[in-house]
Amino acid sequence: PAIPAALGNIFLPIMLGAKDVAFPRMNLCSWYIYLFGGVFAVWSILQGGVETGWTFYTPYSTTTDWGDVTAMVLGAFILGFSSIFTGLNFIVTVHKLRAPGMGWFDMPLFVWALYATSIIQVLATPVLGITLLMISFERIFNIGIFDPALGGDPVLFQHFFWFYSHPAVYIMIVPAFGVISEIVSVHARKRIFGYRAIAFSSIAIAAVSFLIWGHHMFTAETPAANVIFSFLTFLVGLPTAVKVFNWIATYYKAQISWTTPQCYAAAFLFCFTIGGLTGLPLATLATDIMVHDTYFVVAHFHYVMMGGTVLAFVGGLHHWWPKFTGRMYNEFWGRIACLIVFIGFNLTFFTQFFLGTLGMPRRYATYVEDFTLLHQLSTAGAFLLLLGFLVHAAVFLGSIVMGQRAPKNPWGGLTLEWEADAPPAEHNFEHEPLVTHGPYDYDTTIPPHWDPKDWELPDPEEVARVHGSHH
Amino acid sequence: MSDQHHHDDHDHVHVTPFWPMFVVFVLLIILTLLTVWSSNLHVIIIGNTTLKISGNAHILSALVIAVVKGLMVAAYFMHLRYDKPLNTVVAGSTVFAVLLFIGLTLFDVASRDTVLRKEGGGASVVHPQGNLNGVPTDGAGSIHPGGLLTIYSGDSQKDFKKGANAVSIMEIVREDAIASMGNPDAHHDEEHHDDESSHADPAGETHTEGDDHGDGH
Amino acid sequence: MTTLSPTDTKEIPGVNAPVEPVHGHHWRNLDDEQDGAKFGMWLFLSTEILLFAGFFCAYAAYRLWYPENWHDASRYYLNWKIGAFNTVVLLVSSFTVVMAIRAAQLKQRFELMLNLTITQICALTFLFVKIVWEYIPKIKKGELAGGNYNYLYGMQPGKSGGGHGEAHAAEAAAHGAAVGGHGAEEVAKGLGEYAGGPEWASVLPSIPEPAFFDTGYHAFHPGTHDHIFLSIYWIATATHGIHVLVGVFVFTWIMIKAWKWHYGPKNVTSLENAGLYWHVVDVIWIFLFPLMYLV
């Protein structure tokens, strides 16, 4: 998953004031495993891809000869270990490598989000591993555990698969929540509303995410199980809603500056809320039976995944771009790109809600004429989306080639990464960072009416000298 | 710089003690033998009463003993008892996730029949939704193998094979089902007794308490 | 016993005394590193346990559906005496790992190497017994997993559907009679043909089973879902066996480090971590043994 792997690997240690993650060699190993697994996946795509879809439902996935399912499945199995090792690393880092003076409730919310994500990664991914392993055995050795022709049960496969894959979508979205927490507070220059609520809700989402996998199988499992999973699925909306309310509350009486990351955070709030709310008809048994496997589902998960994770990821990239490249990007074109992406995204996927409720099934290449207009609108939106991302690419390229040098703390953030050099030195900090304030203490640390760009973060040696020994 | 925070916490490091570990080891062996012995125990005859122990009871006892063994290995051999509680939290959450996974999946799986068996072999079509009432449709008893323990006492000793007049402690819940199905329980027991009779000794009478010749039934 | 005391000859780390441990410089102190390493190992072990949970879940589901078939198949195909022997072997090896850790903490070099050696021998014994007296005989008899199983009820090994029992049985009878022995009997009971094991299995050695493993239970009592039972048996025990084999390699590495005086009272962490892995492998077998062999 991109946010933990990319942004997390750079910023988790820095935000904690650590020199590196707990097991740096394992981290490198996880990168090589990722490449190795990727080779299998790319090979499979070159062979024609997997007609089964990423869900690999049996018996099609165990019997088909289309493309190369075995290579893709083995690739995903290997990639799972990359994910597990990263999660393991992050958990131990958060427990053991925090800077002196940083307690659990002094950590930035991005770190809390990564911690919750890592717990899900460690507990859920092995079950995917065993599921993929069993598919490989079925294909290679003709073992019939999931194949009805050999007395097996395909719904059992679905249980195995979704036990991982539902927590997996939370692996993708929870770090995005963390990024948004950071962006919203820094670019509105206000203490995040309800720090502990957001922190605990990340953990709560991680925990509840393991209980609700059956909602992907409402048309395949028995009614008794359906009722239980439907009920539990409603629960997961609660901590998520807590977060959304807290972000909106953070904007109250804040000094909002409409930088590109802030535009992305606002876009996220709009799109993710729609995505989350459309999850409710999917959690409700009666409506889900009608919209299962239609474009409604496609629209829902794109709103949460693209409107959620991708927008947060791109926003995060902009937010930390000055830190890890050392250069600023062009704000005007960044905002234009955000606007184009936002319009394109909504055009593409909002129409799909209608398509879905009208009955257009997903994973179908052809459709009746009545759906033509909506499909065409959706396609037009997709091209607009492409345009938006191309503008982004140009902005990033332009920044690297000719962007102005970035100061250490262009946005006036208070978390530890803004004390590091831009880009950070090897081992992140020159000397042990000192935790003198909380991560969101805007109201108590920065003097009012100061432009945060002019406000220097305290020099640790100076503070140590003045205040005596640390820790 | 590496010595800056070095402190001799290791002076109080716990040296693994010999006797507790040895006792745990011996207990593990004993429990293994207990599992093996109890799995071979099918019938207990006390005076006038015969206790027939069903397959479910064997699974339950085997699992209970395995859990105890696993806990002993985790607490002592894996040092959880002497470690920081965080490691126990990790182990505990893992076990919880496993139970969640198996439990909820089985909840779905248990409420349907899948392959219906025809007499004389051959498999027919899989019913994904199965029989929604949960009642086995051909009396083959694939979901309800007969509770945990069946007690036959007094006169019913002679009817042991036929299963009549049996009072089954764990099968009380199935009385309605039994009544409405025309007592497939008897049918089921007949099947089971056919197995018994085709194997070793022809009659259950030669089984005595604690008998465990290794030939299965 | 063999502990060195300071009044003896001078202790030279790496020659007659344990090497001083050095912590990686991103850790603040050695304690943090050792605690962190153990914590990380527990997280990894939790992934191993969840991996095997999948096998147990499949076992539970199929057992719930076909309990008598499972019971009979377990009695016929699996030899509980071999399983019990292997269980005891693994328990001994778990105990010796714990004793090895103790020896390292007390600087007892001879006991350390001895216990590690016994652990290795136990692991190799486990693998030997399993392969020679379980896997090879099964392969030779064709008691393989899923579609490769040779007594399928009217089902062909391969991907065609079921339900062709009667037509197939006729062909099978002829084939069975040709192969000899079992064929006609099985067909009469409504079973598929007996085709024996795969031809390549004849290159595998056939070592006769020692008498004390004989359970005396030989009656063939097949069921419709034997092949699923065997599927789960094969993949669960084979994956477990691979983990035992990996354990052998891990302990070889540990023994090399132990020989070079790496372990001492201040540093047994990698030995403990290897021991934790080994105990998890043992616990998995503790659950696998009764579920597969005894019930």
Side-chain angles (χ1 to χ4, degrees), chain A residues 13 18-26 59 62-63 80-81 84-85 87-89 91-93 95-100 118-119 121-134 137-138 141-153 155-157 159-160 163-164 427-428 432, chain C residues 24-28 31-44 46-62 65-66 69 144-149 152-153 155-163 224-232 234-236 238-239:
Chain A
K19 289 184 184 167
D20 206 332
V21 287
F23 307 118
R25 283 176 299 192
M26 181 187 270
T62 49
T63 53
F81 282 102
I84 289 174
F85 288 156
L88 203 157
N89 235 327
I91 294 177
V92 181
T93 310
H95 276 269
K96 286 278 169 205
L97 286 175
R98 292 193 302 275
S118 305
I119 294 178
Q121 275 177 298
V122 166
L123 289 178
T125 318
V127 179
L128 177 75
I130 191 67
T131 311
L132 295 175
L133 205 61
M134 285 164 107
F137 287 150
E138 287 220 16
F141 302 116
N142 191 23
I143 296 177
I145 296 194
F146 301 128
D147 186 355
L150 292 171
D153 181 35
V155 180
L156 191 65
F157 169 79
H159 279 292
F160 275 46
F163 182 81
Y164 161 73
H427 299 307
N428 297 334
E432 182 93 73
Chain C
H25 63 199
H26 59 288
W27 292 99
R28 296 201 167 81
D31 267 350
D32 273 357
E33 175 165 23
Q34 295 189 337
D35 283 344
K38 203 169 203 195
F39 181 41
M41 190 67 195
W42 269 104
L43 288 168
F44 174 68
S46 89
T47 69
E48 289 285 304
I49 294 172
L50 280 161
L51 201 83
F52 277 90
F55 293 132
F56 288 114
C57 188
Y59 173 92
Y62 286 109
W65 287 324
Y66 313 115
N69 199 162
L144 299 170
N148 307 301
Y149 175 62
L152 286 180
Y153 275 74
M155 290 184 196
Q156 269 183 327
K159 295 164 184 162
S160 58
T224 47
H225 285 79
D226 281 359
H227 58 293
I228 303 259
F229 173 81
L230 283 174
S231 301
I232 295 181
W234 272 102
I235 57 180
T239 312

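So you know, we letter chains A, B, ... as the sequences are listed, proteins then strands, and number each from 1.
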Just list the side-chain donor-acceptor pairs under 3.5 Å for residues 50-62 of chain C, sequence neighbours left out, or say none.
from    : atom 1 : to       : atom 2 : distance (Å)
C/Tyr59 : OH     : C/Arg63  : NH1    : 3.0
C/Tyr59 : OH     : C/Leu291 : O      : 2.3
C/Tyr62 : OH     : A/Ile145 : O      : 2.3
C/Tyr62 : OH     : A/Asp153 : N      : 2.8

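For the atom pair CD1 (A/Ile91) and OG (C/Ser46), the distance works out to 8.0 Å, reported to the nearest 0.5 Å. Considering CG of A/Leu97 and CZ of C/Arg28, their distance stands at 6.0 Å, rounded to 0.5 Å. Note that CD1 of C/Ile235 is 7.5 Å distant from CG of A/Leu133, once rounded to the nearest 0.5 Å.
Only the backbone of A/Arg98 has a heavy atom closer than 4.5 Å to any heavy atom of chain C. Neither the backbone nor the side chain of C/Trp234 comes within less than 4.5 Å of any heavy atom in chain A. If you measure heavy-atom distances from A/Met134 to chain C, the contacts under 4.5 Å come from the side chain alone. A/Ile84 touches chain C through its side chain: at least one heavy atom from C-beta onward sits under 4.5 Å away, while N, CA, C and O do not.
Between chain C and the options A/Pro24, A/Pro13, A/Ala124, heavy-atom pairs under 4.5 Å are most frequent for A/Pro24. The residue among A/Leu88, A/Asn89, A/Val21 with the most heavy atom pairs within less than 4.5 Å of chain C is A/Leu88. Between chain C and the residues A/Pro59, A/Ala99, A/Gly129, A/Gly87, the most heavy-atom pairs under 4.5 angstrom are made by A/Ala99.
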For this session: Step by step, work out the side chain to side chain contact (heavy atoms under 4.5 Å, CB included) result for A/Thr125 and C/Thr47.
Result: CA-CA 8 Å; A/Thr125 318; C/Thr47 69; over 6 Å; no

Problem set entry | Trace of the side chain to side chain contact (heavy atoms under 4.5 Å, CB included) decision for A/Lys96 with C/Trp27 | CA-CA 8 Å; A/Lys96 286 278 169 205; C/Trp27 292 99; 3.6 Å; yes

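Side chain of C/His26 to main chain of A/Ala18: no donor-acceptor pair is present (N/O by atom type, distance under 3.5 Å, no hydrogens or angles).
Between A/His95 and C/Phe39, the ring planes lie perpendicular to each other; the angle is over 60°, past the 30° to 60° tilted range.
With sequence neighbours left out, the salt bridge (charged side-chain N to carboxylate O under 4.0 Å, His left out) criterion links C/Lys38 to B/Asp83, C/Glu272.
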